[in-house]
Amino acid sequence: MLGALPAGVRVGQLGFLLGRDVSTPIRLCLAGIHLGALDDTLAALGVPAVGLQPALHALLREPGAPQLDYVDIDVADDVLPRVGVELRFDRRTQALGRLHEATWLQRMVCAGLASAGWANALAGWPAGRRVVMPHQLWPSVAVRRLNHVKLTWQDGAFHQAKGYCLLRFDDAPSCRHGPVPSASSDPVRSLRHHSTIRSPDVLPTFPA
């Protein structure tokens, strides 16, 4: 099956789905698939996903939409019918505490794929702070980011939207160098000028 992958399409990640209702399927996360070639690529791999391409295009043609990243397919004895579409969210604005695609999340609500509470919670997740953790004598940068939203497609329709959130800690850079341009794609560099919060718990640095 992998021999049918078009040029430029690769397996970016691979995992075993333990405990599923079929015999331990393997998940292939395919990178490099262009939206305009999505249906043809899946058909070449034997995935019954007719209609996914125009439906996804309708969701992504709005301003502020995320970008197509991975396409997930599951393989057991045969290729399984469900397809996961991972949509990548802009990291630069999230380093500044804003979600560029917040309005687009409401499309998921209107499409019946998620609740308004879900969309609002994800829109409020991005944040970054310089903090000192209880076990540290040095500051760290704590970054919250919405990594991606995955849509699941089966039997000619989207059935679910799931958000994948990330919390990352890095050694904080020195404040002596001053602020860097706000467009920096590196959240650690973007937070150089933030004051350090010394707290017994990281939770108060990220209000709900």
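Here the side chain of E101 pairs a donor or acceptor atom with the backbone of D90 at under 3.5 angstrom. Listed for the W125 side chain is a donor-acceptor partner under 3.5 Å among the backbone atoms of R145. Using a distance-only test at 3.5 Å, with no hydrogens or angles considered, no donor-acceptor pair links the side chain of E62 to the main chain of W104.
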Distance-only criterion, 3.5 Å: show the donor-acceptor pairs between side-chain atoms of residues 33-56 and protein atoms not counting sequence neighbours.
residue, atom, partner, partner atom, Å
D39, OD1, Q53, N, 3.1
T41, OG1, A37, O, 2.8
Q53, OE1, L38, N, 3.2
Q53, OE1, D39, N, 3.0
Q53, NE2, G36, O, 3.2

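Across all non-hydrogen atoms, the minimal contact from Q67 to A65 is NE2-O, 3.8 Å. The shortest heavy-atom contact between C29 and E86 is SG-OE2, 4.2 Å. Residue V132 comes nearest to P139 through the heavy atom pair CG2-CA, 3.9 Å, listed as atom of the first residue, atom of the second, then distance. Summarising the geometry of R107 relative to A58, their closest heavy-atom pair is NH2-O, 3.6 Å, with the distance given to 0.1 Å.
Rounding to the nearest 0.5 Å gives a distance of 9.5 Å between CG of L113 and NE2 of H159. Between L28 atom CG and R10 atom CZ the span is 14.0 Å, to the nearest 0.5 Å. Between the CD atom in Q154 and the CD atom in Q160 there is a gap of 11.5 Å [rounded to 0.5 Å]. Note that CZ of R144 is 8.0 Å distant from CG of L167, once rounded to the nearest 0.5 Å. The distance from the CG atom of L59 to the CG atom of L151 is 6.5 Å, given to the nearest 0.5 Å.
The shortest distance between side-chain heavy atoms of L30 and V11 falls below 4.5 Å. In this structure, the side chains of H148 and L87 stay at 4.5 Å or more apart for every pair of heavy atoms. Contact annotation: the side chain of L122 approaches that of V149 to within less than 4.5 Å [non-hydrogen atoms, C-beta and beyond]. Proximity of L80 to V75: side-chain heavy atoms (C-beta onward) are nowhere separated by under 4.5 Å. Within the 4.5 Å cutoff, side-chain heavy atoms of M108 are placed close to those of W118. Residues N147 and R91 have side chains in contact (heavy-atom distance under 4.5 Å, counting atoms from C-beta outward).
In the hydrophobic cluster analysis, where Ile, Leu, Val, Met, Phe, Trp and Tyr join through side-chain heavy atoms closer than 4.5 angstrom, L146 is grouped together with L68. Hydrophobic clustering (ILVMFWY, side-chain heavy atoms < 4.5 Å, transitive): Y164 and L166 are in distinct clusters.
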request  = Dump the intermediate steps for side-chain contact (heavy atoms from CB on, under 4.5 Å) on L105 and L99, then the final yes or no.
outcome  = CA-CA 10 Å; L105 287 177; L99 188 67; 3.6 Å; yes
